[in-house]
Amino acid sequence: MNSFDFKKIEKKWNQIWKKNGVYEPSVLRAKLPFYNLMMFPYPSAEGLHVGNMYAFVGSDIYGRKKRMEGYDVFEPIGLDGFGIHSENYAIKVGIHPAKQAKISEKKFYKQLETMGNGFAWKEKLETYDSNYYKWTQWIFVQMFKKGLAYRKKQEVNWCPSCKTVLADEQVISAASSRKGEPRSDIERGECERCSTKVIRKKLEQWFFKITDYADKLLNNIDKLDWSDKVKIAQKEWIGRSDGALIDFKIRNTAYDIRIFTTRPDTLFGATYIVLSPEHELLGDRIKDLGSKVKNWKEIESYVNKAKSKSRDERIREGGEKTGVELKGIKAMNPATKKEIPIFVADYVLGSYGMGAIMAVPAHDQRDFEFAKKYKLVSVQVLDDKEHLINSGKFNGMDSKKAIIEITKLVGGKITSQFHLRDWLISRQRYWGPPIPMIFCKKCAWQPVPEKDLPIKLPVVKDFRPQGKGKSPLAFVKSFYETKCPKCGGKATRETDVSDTFLDSAWYYIGYLMVFSSWKLGVGSLEFSNIAKRWLPIDMYIGGAEHSVLHLLYIRFLAMALHDLKLVDFQEPVKKFRAHGLIIKEGAKMSKSKGNIINPDEYIKRFGADTLRTYLMFLAPFEQGGDFRDQAIIGIYRFLDRVWKFSKSHSLKHGTHEKGIEVMINQTVKKVSDDIDSLNYNTAISSLMILFNNMEKSNNVSVSQFETFIKLLSPFAPFITEEIWQKLHPCKSVHLEKWPKFNKKITGHQLSNIAVQFNGKTRGLLKLSGSPNQEEVLVIIKKDSKLSSYLKDLRIDRIIFIPGKVINIVLKP
RNA sequence: GGGCAGGUGGUGAAAUGGUAAACACGCUAGCUUUAGGAGCUAGUGCCGCAAGGUUUGAGGGUUCAAGUCCCUCCCUGCCCACCA
């Protein structure tokens, strides 16, 4: 018999599904809306790779089951095509990004179609479409009006290769520093896009005030049904620590040094103060202290050296702590009233807390190392039971209580500090939405009036980044020259574009705007009714690498939109699961290794159904797996046998056999549970076991086979549709009812009972019905092999688990 | 340094505290054929001709029973990190 012609089948059903709108829910009238979303891809480089497909198929299987359970499943698709990644690719191939976007778009959508997902194609969107980024800009304007977008000059991350600033979240650990050594505050890591080492620059930039939401972002996490690793990563990134602000007076001056500490209970043991090299007292204001500080030159040279030190130099120094005392001035410990020295040292970071610490060498490892080197006093103030000593009237007090009491004594303030920094939103690049702001010398910064949106990105011939801290748009006079929306005078536009991660922070809302051809805007009544119906997202699947990037921004922006009364939810994603990564023979797939797998060639050879099912069969979906192309043939054989079985005569003449019925029912439960928990690999394996038995039985009814086809349909949508519609013309299997597990269908005809003596399994009894302990014991005694274990020994006790195991414990 | 995953055959992996290795790849032998990226049958953790013994990174513990629970340690991967 011929094998199944997957090429013909897949092409045919793709067309029919699209024509009949099988996967298009009614945006306006859906009764049981289910928003099933997978992170949309960056359309760059060589097209969709097998890792993208893996994630999309995994998301689709979940959605297909929901659809068959009666939900109106919305599974939209689009392209995150604005931004540095796409622009860098365009630069590499020497094609204008707008032109390249059109090329990539065609390629991606074609690939996405061939893999057989139930996408709502009518609602597709691209972030570089001006209909879309009009609203990206509109959101920026609302953020500005609410005071959540602001300008500030500060040290920021600069990627020398991408020639733009980056947000903290977009700077990743340097590959060379993944093991062990600390990294400096000056050189933080590598660019998330191009892995170039990031440097620090002082620039004026636009920021989003994500820190206003630090507490809310942190506190809501526990309520979310999200993968634990993402929740933990977000908690760590937000990085709240509770402590106190305490002021230390500088003797004989008007200055205070404010420090942050998590351990105010150890204040009596604070024997010196350390300032970070970036501390404000060492900047312009030092001149007021100049006459008092004796070694000003020495300090200045230390500060300059510290600021310019690279991470590599630091490692060469062996991570040893260095510092210089500010000679001539002393601080006063507000608890002991004793004079203590003040140091500057680069082990204290300028970017955290107050950029200054009180040092307690007796109870802090870093302070201890520093104090030892510079021979500073150390006073122990806690005993091994965490009770205070050497702390005046607080002696004997519990450390936890002392935190509050001592802070109170010195007039400190209990507070928290966060690791989270405000989101740097400006990019000195071309391929993004221009930030919709206008600067007027008289009226300062003004937002572009909403009626003038979108501010279209002009077509610029030389779109490459200039590297002078300015976007290529800063050289386009016709773009930046404008009028002040407030006074009508001469003004200039902002020429930076916004971060790509702003585009992707609201795209799930965008999909719901497409169906009206972008006529219904965020904030309109009609739109808010649609949003209420569909949002928040019911199920979101994506990569764990976005734990502190996209997944943090999407939450923050939803909270901000909520406070702007534009949406009625604070958390945009009810359920999130991180998919695993596909690796190739133990190694990560990467362009440099040349081991990127393109799904196209496998679809060509085996068909999309086979590749889909194979990918899901590899390993648990949340774990990821190793792509070995030898093993794919096993799935092809399986589907081909299913195809041949559907054509066989024995199927048509089969009767309703009880044994198969029981097994089908168990498989319904197994597959349903496994899809819910994303354990697709074991779902497929149980379908194989069932099918192996159906083949052997040679007595399978059509309706039994149909149940099997339904269970298989989320994994292999094309072949199951072909088989289904042979039996039920013009009715899609994907709109059929998902089979239900029936508790009443049971019937173990055989129970396998393991026979153990003292916990060691010595035999296996295959018995009919469900025998009790006595009956089993009689059989064991009759069995020559098993009874030999009983010889001459007394039975101490027997543990009997019906239908499973009997353990006979013998007395020696 | 901190956190989170993991560690089971030749390979990908299964296993509500109850028959370790299901399912699949590969391999071996035999059969078969419109010689194909085929199909069927049997076998396949390790030691052993067999009977049987033995096996889940190492070592302890709890239990009638441990891959699974507890403790100590080792290794691999990912994330965070001089964060006060």
Side-chain angles (χ1 to χ4, degrees), chain A residues 1 3 172-173 177-178 180-185 189 227-233 235-237 239-241 243 259-263 266 274 276 314 319 321 345-349 351-360 363-367 369-370 417-419 544-545 547-548 580-581 583 585-586 588 605-606 614 617-620 622-623 625-638 640-641 644 679 681-689 691-692 752-765 785 796-801 803-810:
Chain A
M1 200 186 291
S3 297
I172 56 170
S173 301
S177 80
R178 301 245 161 91
E181 317 85 12
R183 67 187 193 214
S184 85
D185 198 34
S227 300
D228 278 339
K229 58 179 165 183
V230 173
K231 287 165 75 161
I232 290 161
K235 273 188 193 172
E236 282 180 353
W237 185 258
R240 174 178 161 145
S241 41
I259 61 97
F260 175 72
T261 178
T262 54
R263 300 301 301 272
T266 62
V274 190
S276 69
R314 185 170 277 267
K321 289 173 181 50
D346 63 7
Y347 80 91
V348 174
L349 307 178
S351 60
Y352 187 76
M354 292 294 122
I357 61 157
M358 66 177 204
V360 186
H363 300 286
D364 182 284
Q365 184 62 33
R366 293 153 307 182
D367 297 344
E369 283 168 29
F370 191 82
Q417 289 291 321
F418 293 91
H419 169 262
E545 70 275 15
S547 295
V548 295
L581 293 177
I583 55 171
E585 273 136 27
K588 232 179 184 172
R605 258 166 64 186
F606 300 103
Y614 170 64
F617 183 64
L618 274 181
E622 290 180 85
Q623 182 188 306
D626 200 340
F627 192 97
R628 288 163 60 252
D629 48 2
Q630 301 130 280
I632 194 169
I633 191 74
I635 300 290
Y636 181 82
R637 285 176 195 154
F638 169 62
D640 196 38
R641 274 161 53 212
K644 285 171 180 160
N679 291 120
N681 58 331
T682 47
I684 293 163
S685 129
S686 69
L687 285 166
M688 287 172 168
I689 294 168
F691 183 71
N692 290 347
N752 292 345
I753 296 175
V755 181
Q756 300 180 338
F757 293 93
N758 291 332
K760 294 232 178 218
T761 304
R762 298 299 184 189
L764 183 67
L765 295 176
K785 186 190 134 196
D796 186 42
R797 59 167 156 156
I798 294 172
I799 284 97
F800 181 69
I801 313 289
K804 278 191 176 162
V805 68
I806 183 165
N807 187 8
I808 299 166
V809 185
L810 300 163

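A note on names: the letters A, B, ... follow the listed sequences, proteins ahead of strands, and every chain is numbered from 1.
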Can you tell which of [options] lies closest to the side chain of [X]?
{"X": "A/Glu236", "options": "B/rA84, B/rU54, B/rG3", "answer": "B/rG3"}
{"X": "A/Lys321", "options": "B/rC82, B/rC25, B/rA81", "answer": "B/rC82"}
{"X": "A/Asn692", "options": "B/rC23, B/rG53, B/rA84", "answer": "B/rC23"}
{"X": "A/Arg762", "options": "B/rC64, B/rU54, B/rA84", "answer": "B/rU54"}
{"X": "A/Thr262", "options": "B/rA81, B/rA84, B/rA24", "answer": "B/rA84"}

Can you list everything that forms a side-chain contact (heavy atoms from CB on, under 4.5 Å) with A/Ala544? Sequence neighbours excluded, please.
A/Lys229, A/Ser547, A/Ala578

Are A/Tyr636 and A/Tyr614 an aromatic pair by the rule of ring centers under 6.0 Å?
no

[X] [atom1] to [N] [atom2], straight-line distance once rounded to whole Å:
{"X": "A/Glu545", "N": "B/rC79", "atom1": "CD", "atom2": "P", "answer": "10 Å"}
{"X": "A/Asp367", "N": "B/rA84", "atom1": "CG", "atom2": "P", "answer": "12 Å"}
{"X": "A/Tyr352", "N": "B/rC80", "atom1": "OH", "atom2": "C1'", "answer": "13 Å"}
{"X": "A/Tyr636", "N": "B/rC25", "atom1": "OH", "atom2": "P", "answer": "14 Å"}

Report the stems of RNA chain B as range-with-range entries sorted by first number; a stem here is at least three consecutive pairs, Watson-Crick or G-U wobble, both distances under 3.5 Å, and write none if there are none.
B:1-7 with B:74-80, B:10-12 with B:23-25, B:26-31 with B:39-44, B:45-47 with B:52-54, B:57-61 with B:69-73

Sequence neighbours excluded, which residues qualify as side chain to side chain donor-acceptor pair (under 3.5 Å) partners of A/Asn692?
A/Arg641

My understanding is that only residues two or more places apart in sequence, or in another chain, count here; which of them pass side chain to side chain donor-acceptor pair (under 3.5 Å) with A/Ser686?
none

[N] to [M] separation - [atom1] atoms, rounded to the nearest Å:
{"N": "B/rG6", "M": "B/rU62", "atom1": "C1'", "value": "24 Å"}
{"N": "B/rC27", "M": "B/rU11", "atom1": "P", "value": "15 Å"}
{"N": "B/rG57", "M": "B/rA21", "atom1": "P", "value": "16 Å"}
{"N": "B/rU19", "M": "B/rU55", "atom1": "C1'", "value": "15 Å"}
{"N": "B/rC40", "M": "B/rU32", "atom1": "P", "value": "16 Å"}
{"N": "B/rU56", "M": "B/rA15", "atom1": "C1'", "value": "11 Å"}
{"N": "B/rG67", "M": "B/rG59", "atom1": "P", "value": "13 Å"}

Nucleotide N/O to protein N/O under 3.5 Å, stretch nucleotides 4-15 of chain B:
from: B/rU11; atom 1: O2'; to: A/Arg628; atom 2: NE; distance (Å): 3.0
from: B/rG12; atom 1: O2'; to: A/Leu618; atom 2: O; distance (Å): 2.8
from: B/rA13; atom 1: OP1; to: A/Gln623; atom 2: NE2; distance (Å): 3.3
from: B/rA14; atom 1: OP1; to: A/Asn681; atom 2: ND2; distance (Å): 2.8

Heteroatom pairs (N/O) under 3.5 angstrom, protein to nucleotides 16-19 of chain B:
from: B/rU16; atom 1: O4; to: A/Lys804; atom 2: NZ; distance (Å): 2.5
from: B/rG18; atom 1: N2; to: A/Gln756; atom 2: OE1; distance (Å): 3.3
from: B/rU19; atom 1: O4; to: A/Asn752; atom 2: ND2; distance (Å): 3.0

Test applied, side chain to side chain contact (heavy atoms under 4.5 Å, CB included); reference residue, A/Asp796; option that passes from A/Ile808, A/Val809, A/Asn758:
A/Val809

For A/Val274, run the side chain to side chain contact (heavy atoms under 4.5 Å, CB included) check against A/Asp346, A/Ile357, A/Ile259 and tell me which one passes.
A/Ile357

Would you classify [X] as touching base, sugar-phosphate or nothing, given that sugar-phosphate means primed atoms plus P, OP1 and OP2, and contacts are heavy atoms under 4.0 Å?
{"X": "A/Arg240", "answer": "nothing"}
{"X": "A/Asp796", "answer": "nothing"}
{"X": "A/Val755", "answer": "nothing"}

Between B/rA81 and A/His419, is there an OP1 or OP2 to side-chain N/O distance shorter than 4.0 Å?
yes

[X]: which residues meet the ring pair (Phe, Tyr, Trp, His ring centres under 6.0 Å) condition with it, sequence neighbours left out?
{"X": "A/Phe418", "answer": "none"}
{"X": "A/Tyr352", "answer": "none"}
{"X": "A/Phe800", "answer": "none"}
{"X": "A/Phe370", "answer": "A/Tyr272, A/Phe343, A/Tyr347, A/Tyr374"}

Comparing A/Ala233 and A/Arg366 on RNA chain B - which has the more 5′ nearest nucleotide:
A/Ala233

Please write out the pairs of protein N or O atoms and N or O atoms of nucleotides 37-40 of chain B separated by less than 3.5 Å, giving the distance to one decimal.
from: B/rG37; atom 1: O6; to: A/Arg605; atom 2: NE; distance (Å): 3.0
from: B/rG37; atom 1: N1; to: A/Arg605; atom 2: NE; distance (Å): 3.3
from: B/rG37; atom 1: N1; to: A/Arg605; atom 2: NH1; distance (Å): 3.4
from: B/rG37; atom 1: N1; to: A/Arg605; atom 2: NH2; distance (Å): 3.0
from: B/rG37; atom 1: N2; to: A/Arg605; atom 2: NH2; distance (Å): 3.2
from: B/rG39; atom 1: OP1; to: A/Arg637; atom 2: NE; distance (Å): 3.0

Which atom pair, heavy atoms only, marks the closest approach of A/His419 to A/Glu236?
ND1-O, 4.3 Å

Relative to its sugar, using the 90° cut-off around 0, the base of B/rG7 is anti

Could you work out, with salt bridge (charged side-chain N to carboxylate O under 4.0 Å, His left out) as the rule, every residue matching A/Lys235, not counting sequence neighbours?
A/Asp222

